[in-house]
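Take a look at the structure below.
Chain letters run A, B, ... following the sequence lines, proteins first and then strands; every chain starts at 1. For the numbers below, each heavy atom of this structure counts, side chains included, while hydrogens, waters and symmetry mates do not.
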Protein chains: 2
Amino acid sequence: MRYSHKLSDAVHILAYIEIYHDDSLSSTAIAASVESNPALVRRLMVALRQAHLLTTQQGTSQPRLTRSPSDVTLLDIYRAVEDEPNLLHVDDKTNPLCIVGGNIQATLREAYQEVQHAAETQMAQITLERLITQIWTRQRQREAADQAEN
Amino acid sequence: MRYSHKLSDAVHILAYIEIYHDDSLSSTAIAASVESNPALVRRLMVALRQAHLLTTQQGTSQPRLTRSPSDVTLLDIYRAVEDEPNLLHVDDKTNPLCIVGGNIQATLREAYQEVQHAAETQMAQITLERLITQIWTRQRQREAADQAEN
DNA sequence: AAAGATGTAACAATACGAGTAACAACTAGA
DNA sequence: TCTAGTTGTTACTCGTATTGTTACATCTTT
């Protein structure tokens, strides 16, 4: 399985907008935090906007979250940015004349659906608020560690 | 997310070996059912062999399952063939000087781990025996449907 | 008007899965 | 023993998806 960072970067963007809501929220500034480029940020923000997770206004560097972070879950973000909703994928090119090839697709689809449901149930329990809280907690821990070092 | 068929094809191979254990089990025959090529089948069989899910003997087209299908789960097969064990992936290239960039990696790693655990728990409950049973059930249903049609 | 930002598209670079081919080593049967 | 068929393994190519890069029309603010 190849790996994309869409979900991680989307969470990053939302958390950035929430944490730095008083600073510049230009795609360039956000891209600097993601260590990526403004176009990627804007592309992801299109998906987040279509999912009604944030609002933007052309020309103004002022994206805003439309929902409370306590009301946004990892599942919402996942569905917003991942155009392929499934974590596991059935090989849809098997020999229909074979007992295995003719029946394994539907069988695996059902099994994968159970795995998907378990994963999504867990994703639905992880709120953006919790993630932001943990980011702050880790930040304070790092600052305390830096203090102790000096 | 890009998608591979390694897991599906590996399940296919194991089910094929179990169901057609009295027929030819050459990589060419299996590849015909997967509608793939013998090299792919052999590559996957290497991983399955290293995970002690089957035994092979060079030159003989007689792979054998080493465990009872009731004792092999989707998780076993998943871990055998997927070299990247994680379904979700953290962007490990973020700006450490930013509150978000400096703390989101560890935060997401923890969250993703919970999702991974939920998915793997479900995978561990799906046995190869169950999958094979369902393949047979669907086969009988198809045969009955074909009968009714004529 | 000018500067800076977004929205969007086109293209290149990159990475990875999968297909293909080739060949040494091994097995089984004539 | 010889031969055909198979596995184990490697190298290369191809197709596809993500990401990086660039460009530019459109919008907002000063």
Atom [atom1] of [X] to atom [atom2] of [N]: distance rounded to whole Å?
{"X": "L48(B)", "N": "dG8(D)", "atom1": "CG", "atom2": "C1'", "value": "15 Å"}
{"X": "D91(A)", "N": "dG17(C)", "atom1": "CG", "atom2": "P", "value": "15 Å"}
{"X": "D92(B)", "N": "dT19(D)", "atom1": "CG", "atom2": "C1'", "value": "14 Å"}
{"X": "R49(A)", "N": "dA5(C)", "atom1": "CZ", "atom2": "C1'", "value": "14 Å"}
{"X": "D83(B)", "N": "dA15(C)", "atom1": "CG", "atom2": "P", "value": "16 Å"}
{"X": "H89(A)", "N": "dC16(C)", "atom1": "NE2", "atom2": "P", "value": "17 Å"}
{"X": "K6(A)", "N": "dA17(D)", "atom1": "NZ", "atom2": "P", "value": "10 Å"}

Quiz item: What are the two closest heavy atoms between E129(B) and S70(B), and how far apart are they?
Solution: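 So the minimum-distance heavy-atom pair works out to OE1-CB, 3.1 Å.
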Quiz prompt | Nearest-nucleotide pick for H5(A), side chain only, options being dG7(C), dG17(C), dT19(D) | solution =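 Nearest nucleotide to the side chain: dT19(D).
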Quiz item: In chain order, what residues pass the side-chain contact (heavy atoms from CB on, under 4.5 Å) check against Q105(B), with sequence neighbours excluded?
Solution: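 By the side-chain contact (heavy atoms from CB on, under 4.5 Å) rule, Q105(B) matches V90(B), D92(B), T94(B), R109(B).
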Quiz item: Can you check whether H5(A)'s main-chain N or O pairs, donor with acceptor, with S8(A)'s side chain at less than 3.5 Å?
Solution: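 Side chain of S8(A) to backbone of H5(A): no pair is present.
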Side-chain ion pair, [X] and [Y], N-O less than 4.0 Å:
{"X": "R138(B)", "Y": "E110(A)", "result": "yes"}
{"X": "E149(A)", "Y": "R142(A)", "result": "no"}
{"X": "R79(B)", "Y": "E84(B)", "result": "no"}

Self-check item: side-chain hydrogen bond (donor to acceptor under 3.5 Å, both in side chains) between T73(A) and Y78(A), intermediate numbers included
Solution: CA-CA 9 Å; T73(A) 71; Y78(A) 173 80; over 6 Å; no
Quiz item: Do E35(A) and N95(B) have a side chain donor and acceptor closer than 3.5 Å?
Solution: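 Per modelled atom types, E35(A) and N95(B) side chains form no pair under 3.5 Å.
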Self-check item: Q116(A) and E120(A) side chains, donor-acceptor separation under 3.5 Å
Solution: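 Per modelled atom types, E120(A) and Q116(A) side chains form a pair under 3.5 Å.
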Quick one: side chains of residues 40-54 of chain A, donor-acceptor pairs under 3.5 Å with protein atoms, not counting sequence neighbours, listed by atom name and distance.
residue: R42(A); atom: NH1; partner: S27(A); partner atom: OG; Å: 3.0
residue: R49(A); atom: NE; partner: T56(A); partner atom: OG1; Å: 3.1

Exercise. Any chance you could list the contact pattern along nucleotides 20-30 of chain D? Use B for base contacts, S for sugar-phosphate-only contacts and - for none, protein heavy atoms under 4.0 Å, 5' to 3'.
Key: BBBB--BBS--
Exercise. Go through residues 100-108 of chain B and report each residue with a non-hydrogen atom lying under 4.0 Å from DNA chain C, sorted by number.
Key: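 Correct list: empty, so none.
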Quiz item: Which residues in residues 12-34 of chain B have at least one heavy atom lying under 4.0 Å from any atom of DNA chain D?
Solution: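 Here the set is L25(B), S26(B), S27(B).
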Would you give me the side-chain donor-acceptor pairs under 3.5 Å for residues 10-23 of chain B, sequence neighbours excluded?
residue: H12(B); atom: NE2; partner: S33(B); partner atom: OG; Å: 2.7
residue: Y20(B); atom: OH; partner: I99(A); partner atom: N; Å: 3.1

